[in-house]
Visitor: 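Sending over a structure as structure tokens; questions will come in a sec.
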Amino acid sequence: MSAVLRTCLNRGVLVSPRRLAHTDVKFPDFEGYRRESTLDASKPARETEDERRALPVALYYGVGGMMSLFGAKEVVQTMVSYKAMAADQRALASIEIKMEDIPEGQTKTFEWRGKPVFVKHRTAAEIKREKSVNVADLRHAQHDDERVQKDEWSVVIGVCTHLGCVPIANAGDFGGYYCPCHGSHYDGSGRIRKGPAPLNLHVPAYSFKDDVIVIGSS
């Protein structure tokens, strides 16, 4: 017996034991917030882990996948718009030339991608002359058949392969083109025959479509 209790008994003080506990406190119940799959306390949580994680995982990867696709789309669109050809450049990407506008025996000049293009409507005599040239005698050996798609039409870029001057059509010693800058002579097929130019006149990509020549399309 404690000293305090003995003192109280000696003085006649009535002492009754009391419990110093609050039994009216209600502990919170979170059963209403728990998933049905976790209400059974005897069931291991590991068994329902996949089911409980299915929705968060689906949201995570679903939203993440959509954001990734959206980001990829924006990157592709930005690259395409950055590298896309401007409208004025697209307009010059190819040009169409009506063959009926170039009489036989004449050469006309057109602009394509900022460069002159010579389109020559050759006569039967010119065709025979160019095809009879001995390729072994040429500086830049090319047969006429390699440079034309149709015998009567010759299409070449009008830029001298020496220093980039523009030759004169239907001029020179070989009846083709003559560069006045340094005296390069080309024949009716655009092949270098005399002068300092090292190569033949370049042949652009072109094709025939009905009654037109489409330059810039192969």
Visitor: Arg139 side chain to Gly195 main-chain N or O, any donor-acceptor pair under 3.5 Å?
Guide: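 Confirmed, Arg139 side chain pairs with Gly195 backbone.
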Visitor: Check whether Val166 and Ile215 end up in the same hydrophobic cluster, where Ile, Leu, Val, Met, Phe, Trp and Tyr are linked by side-chain heavy atoms less than 4.5 Å apart.
Guide: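 The answer is yes; both residues are in one hydrophobic cluster.
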Visitor: Run the salt bridge (Lys or Arg N to Asp or Glu O under 4.0 Å) test on Asp173 and Lys194 for me, step by step, so that the C-alpha distance in whole Å, both residues' side-chain angles and the decisive distance to 0.1 Å come before the verdict.
Guide: CA-CA 8 Å; Asp173 296 345; Lys194 180 182 178 181; 3.0 Å; yes
Visitor: Would you check, one step at a time, whether the test salt bridge (Lys or Arg N to Asp or Glu O under 4.0 Å) holds for Arg122 with Glu104?
Guide: CA-CA 6 Å; Arg122 304 191 300 184; Glu104 187 179 22; over 6 Å; no
Visitor: Can you check whether Tyr186 reaches Thr161 side chain to side chain, under 4.5 Å on heavy atoms?
Guide: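 Touching, per the 4.5 Å side-chain cut-off.
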Visitor: I need the Asp144 CG to Asp187 CG distance, nearest 0.5 Å.
Guide: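 Asp144 CG to Asp187 CG: 8.0 Å, rounded to 0.5 Å.
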Visitor: Quick check for you: to the nearest 0.5 Å, what is the distance between His182 atom NE2 and Cys160 atom SG?
Guide: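 Rounded to the nearest 0.5 Å, the NE2-SG separation comes out at 8.5 Å.
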Visitor: Side chains of Val133 and Arg193, heavy atoms from C-beta outward: is any pair under 4.5 Å?
Guide: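 In contact.
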Visitor: Answer yes or no: does atom NZ of Lys73 have more than 12 heavy-atom neighbours from other residues, nucleotides or ligands under 6.0 Å?
Guide: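 More than 12 heavy atoms, drawn from other residues, nucleotides or ligands, come within 6.0 Å of this atom.
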Visitor: Applying ring-ring contact (aromatic ring centres under 6.0 Å, His included), can you list everything that pairs with His202, at least two apart in sequence or on another chain?
Guide: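 Checked His202 against ring-ring contact (aromatic ring centres under 6.0 Å, His included); zero matches.
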Visitor: In sequence, state the C-alpha distance, the side-chain angles, and the governing distance for Val214 and Ile95, and then conclude on side chain to side chain contact (heavy atoms under 4.5 Å, CB included).
Guide: CA-CA 6 Å; Val214 184; Ile95 59 174; over 6 Å; no
Visitor: Rounded to the nearest 0.5 Å, what separation is found between the CD1 atom of Ile213 and the CD1 atom of Ile102?
Guide: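 It is 6.0 Å, given to the nearest 0.5 Å.
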Visitor: Side chain of Glu74, backbone of Gly71: donor and acceptor closer than 3.5 Å?
Guide: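 Not a single qualifying donor-acceptor pair exists.
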Visitor: Are Ile168 and Pro180 close enough that some pair of their side-chain heavy atoms sits under 4.5 Å apart?
Guide: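 They are in side-chain contact.
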Visitor: Nearest 0.5 Å, please: how far is NZ in Lys115 from OG1 in Thr109?
Guide: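 If we round to the nearest 0.5 Å, Thr109:OG1 and Lys115:NZ are 15.5 Å apart.
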Visitor: Tell me, with the steps shown, if Lys108 and Val119 meet side chain to side chain contact (heavy atoms under 4.5 Å, CB included).
Guide: CA-CA 5 Å; Lys108 287 195 174 182; Val119 180; 5.5 Å; no
Visitor: Go through the steps for Ile97 and Phe110 under the test side chain to side chain contact (heavy atoms under 4.5 Å, CB included), then give the verdict.
Guide: CA-CA 9 Å; Ile97 300 170; Phe110 302 88; 3.4 Å; yes
Visitor: How would you list, by chain and number, every residue that makes a side chain to side chain contact (heavy atoms under 4.5 Å, CB included) with Arg147, sequence neighbours excluded?
Guide: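 Applying side chain to side chain contact (heavy atoms under 4.5 Å, CB included) to Arg147 gives Gln142, Val156, Ser189, Arg191, Asn200, Leu201, Val203.
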Visitor: Only pairs at least two apart or in different chains count here, so list each ring pair (Phe, Tyr, Trp, His ring centres under 6.0 Å) that has a residue in residues 115-136.
Guide: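 Checked against ring pair (Phe, Tyr, Trp, His ring centres under 6.0 Å) - neighbours excluded - the pairs reaching residues 115-136 are Phe118-Tyr177, His121-Trp153.
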Visitor: Using modelled atom types only, decide if a donor and an acceptor are shared between the side chain of Glu126 and the backbone of Thr123 within a distance under 3.5 Å.
Guide: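 At least one qualifying donor-acceptor pair exists.
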Visitor: What do you reckon, Cys181 and Cys165 SGs under 2.5 Å?
Guide: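 With an SG-SG separation under 2.5 Å, Cys181 and Cys165 do form a disulfide.
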Visitor: One pair to check against side chain to side chain contact (heavy atoms under 4.5 Å, CB included): Glu152 and Ile127. What are the steps and the verdict?
Guide: CA-CA 7 Å; Glu152 62 270 25; Ile127 296 171; 4.1 Å; yes
Visitor: Kindly say whether Gly216 contributes a backbone atom to a donor-acceptor pair with the side chain of Ser94 at under 3.5 angstrom?
Guide: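 The answer is no, because no donor-acceptor pair under 3.5 Å joins these two groups.
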Visitor: Which heavy atom of Phe174 sits nearest a heavy atom of Arg129, and at what distance?
Guide: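 Of all heavy-atom pairs spanning Phe174 and Arg129, the closest is O-NH2, 3.9 Å.
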Visitor: Before accepting this row, confirm whether a basic side-chain N of the pair Lys131/Asp151 lies closer than 4.0 Å to the acidic partner's carboxylate O.
Guide: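 Salt bridge present between Lys131 and Asp151.
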Visitor: A side-chain contact here means heavy atoms from C-beta on lying under 4.5 Å apart; do Ser184 and Pro167 qualify?
Guide: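 Not in contact.
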Visitor: Would you say His162 and Ile192 make side-chain contact, with heavy atoms under 4.5 Å?
Guide: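 A side-chain contact under 4.5 Å is absent here.
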Visitor: Enter the distance from Tyr206:OH to Glu96:CD here, rounded to the nearest 0.5 Å.
Guide: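 It is 15.5 Å, given to the nearest 0.5 Å.
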Visitor: Is atom CZ of Phe208 surrounded by more than 12 heavy atoms (other residues, nucleotides or ligands) closer than 6.0 Å?
Guide: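 Counting neighbours around CZ of Phe208, more than 12 heavy atoms of other residues, nucleotides or ligands fall under 6.0 Å, so yes.
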